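Notes for the one structure printed next.
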Amino acid sequence: MVDLPDRQSAFIDWYLAVVEAAELTDKRYGVKGLNVWTPYGFLARRNLDAVMVREIEATGSKPVEFPTLIPANEFAKEKEHIKGFDAEVYWVTKGGVSDLDVPLVLRPTSETAIYPVFAIWVRSHKDLPLNVYQIVNVFRYETKTTRPFLRIREIHFFEEHTCQATEDDATARVRSNLEAFRRMAEAFVLPYVATRRPDWDKFPGAFYSIAFDTPIGGARTLQIGSVHHYRENFAGPYGIQYEAPDGSQRLVHQTTFGLSERLLGAIIAVHGDSKGVVFPSSIAPYEVVIVPIPHAEAGPAILRAAEEVDEALRRAGRRVHLDAREDRPGAKYYYWELRGVPLRLEIGRRESESRTATAVDRLGHRGRVSFDTAGADVTERLREFDRALAERAMAGFRDAFSVAQALSELAGSDHVRILSWCGREECGHQVENAIAGALLGVPEDGLPWEAGAPGPCVACGETQGVRWALAGRPI
RNA sequence: GGGACUGUGGGGUAGCUUGGUCCAUCCUUCGGGGUUCGGGACUCCGAGACGCCAGUUCAAAUCUGGCCAGUCCCA
């Protein structure tokens, strides 16, 4: 019997309660920002990773894994980068009882671990492009309040690192990553907006950064991924160069693409409701749960029927769980709704006799699944569920944005704001002060909805070179 | 970096102001038995906690100090 806080009025309390109640994480480890991956949460994470792997490998990226520890001298090579991460790295300074000659950094991200090796791997233009990714844990000494999946100190991190021959090639790789993320987000059923971050908020060492944000719990935004164009900024310090066809030595242009289990947090936050988690079928640890409904005389036949459907779905490749516990059916319904299972099949006396299970999806839509065509029927119902979930999420997404005509409209806003910005840093900071948040940047592929032409800059009134930008309060 | 606050079974809590009535309350959870089972069952029996270390005191969940863990606010 779990009573969740109200999602509307106490969003973050709802979120914290739901991730614990649904047994997605255990935060009782005793060290701030380090949480335990429980079996159910781990299964969800594995499905998340599978989508990322599938989509990035479809673009020709190959898996690698670099060491966790980075020598201090390599870490310090790119000046902006070290400055950006200085305050949040963990240091390893001892080996056993002796001090290390060269202190080691626990990677907060892996540029500085990977690039010295890239300098060895890349010799010729024929080695390019070099597109590799890894899914590893990175560490950041977060000083703010930590929250499961959203802000943590040991991060489950997807990072692609690439080397391209030219700036244009790198720009093309950025576009390719944006497209790959679009396909991932489709699988996660996550609406988002991609913006080019203002210069003062780009990744340390980047030429520019494009980040993906999704609105959460009303006025807040959650960054769920980013793609960076480094130009030659890292290639120079790390000496990553190649011999061009004309015999000249040239620096590579690099890009990176980063994602994390924040996506899991976003999925929970965006889709969840008063009953708990709602997983899209791609991420759900179990896509289908079968609940037998006991009956005094028909009991054994009902259980046999449930096992038959369980087996059929398993053979059809579905992630299915038969819940044969002694509890009452109603208790099981609540239990699995809390845990976000997309589809529930009820099998009692009626279903057993008609060889047709009652199907109820997590959004409450009812239907039927024939024992004899269970695989195809369930596939169809899950597709329909994902479609309905996407519709619901998209409606919430559109409602989360509104246009602000003036700085004075930003304070206390309960929306992510769309506003006109001349592009000057001074004006950007005025916007950030007014909204007590961040100027997310200029949308890369259009606004969440059509807003016509921008007006004068909300800060200075300038009318030349003004563009739509988004501002919000990052969670 | 500065400030405020909190810590009681697995989870949530009462008790703390004014030390003794507390081998610590209630809900939930967990183990076992029985009756049940189409939306959170009932019942019987049982299990489980004062963050850690010192101090004050005849007596500490309660007061004091340090530590650890966590939360919030400000820069």
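Proteins come first, then strands; the chains are lettered A, B, ... in the order of their sequence lines, and each starts at number 1. As the structure is a prediction and not an experimental result, all values here were calculated from the model.
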Between protein and nucleic acid, restricted to nucleotides 66-70 of chain B and to nitrogen or oxygen atoms under 3.5 Å apart, what atom pairs and distances do you find?
from, atom 1, to, atom 2, distance (Å)
B/rA69, O3', A/Gly30, O, 3.3
B/rG70, OP1, A/Lys32, N, 2.0

Below 3.5 Å is the cut-off: list the nitrogen or oxygen pairs between protein and nucleotides 10-13 of chain B, distance only.
from, atom 1, to, atom 2, distance (Å)
B/rG10, O3', A/Arg28, NH1, 2.9
B/rG10, O2', A/Arg28, NH1, 2.5

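In this structure, A/Tyr333 does not count as stacked on the base of B/rG39 under the 5.5 Å centre distance and 30° plane angle limits.
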### Task
Using a 4.0 Å cut-off on protein heavy atoms (strictly under), produce a 5'-to-3' string for nucleotides 44-50 of chain B with B for base contact, S for backbone-only sugar-phosphate contact, and - for none.
-------
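For A/Arg328, whose side chain is taken as the heavy atoms from C-beta onward, the closest listed nucleotide among B/rC72, B/rG38, B/rG39 is B/rG38. Candidate nucleotides B/rC72, B/rG39, B/rC37 were compared by shortest atom distance to the side chain of A/Arg147, and B/rC72 ranks first.
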Show every donor-acceptor pair shorter than 3.5 Å between a side-chain atom in residues 284-292 of chain A and any protein atom, with sequence neighbours excluded, or say none if there are none.
from, atom 1, to, atom 2, distance (Å)
A/Glu287, OE1, A/Arg318, NE, 3.3
A/Glu287, OE1, A/Arg319, N, 2.7
A/Glu287, OE2, A/Arg318, NE, 3.4
A/Glu287, OE2, A/Arg318, NH2, 3.0

Let me check something: any side-chain donor-acceptor pairs from residues 87-100 of chain A under 3.5 Å, sequence neighbours excluded? List them with distances.
none

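Rounded to whole Å, the separation between the C1' atoms of B/rG10 and B/rC72 comes to 26 Å. The C1' atoms of B/rA69 and B/rC23 are separated by 28 Å, rounded to the nearest whole Å.
Here the two rings, on A/Tyr192 and A/Phe397, have centers that are 6.0 Å apart or farther.
For RNA chain B, the neighbouring residues in residues 343-351 of chain A, judged by any heavy atom under 4.0 Å, are A/Arg344, A/Glu346, A/Gly348, A/Arg349, A/Arg350, A/Glu351.
With sequence neighbours excluded, the residues that form a side-chain contact (heavy atoms from CB on, under 4.5 Å) with A/Tyr335 are A/Glu23, A/Arg325, A/Arg339. When the salt bridge (Lys or Arg N to Asp or Glu O under 4.0 Å) test is applied to A/Glu159, no partner is found at least two apart in sequence or on another chain. Legend: residues meeting salt bridge (Lys or Arg N to Asp or Glu O under 4.0 Å) with A/Glu142, ordered by chain and number and at least two apart, are absent.
A salt bridge links A/Lys77 to A/Glu74: one of the charged nitrogens lies within less than 4.0 Å of a carboxylate oxygen.
Screening residues 405-418 of chain A for side-chain hydrogen bond (donor to acceptor under 3.5 Å, both in side chains), with sequence neighbours left out, gives A/Ser402-A/Arg417, A/Ser413-A/Arg417. Pairs passing the salt bridge (Lys or Arg N to Asp or Glu O under 4.0 Å) check and including a residue from residues 210-221 of chain A, sequence neighbours excluded, read A/Arg197-A/Asp213. Applying the salt bridge (Lys or Arg N to Asp or Glu O under 4.0 Å) test to pairs two or more places apart or on separate chains, those with a residue in residues 254-274 of chain A are A/Asp273-A/Arg362, A/Asp273-A/Arg392.
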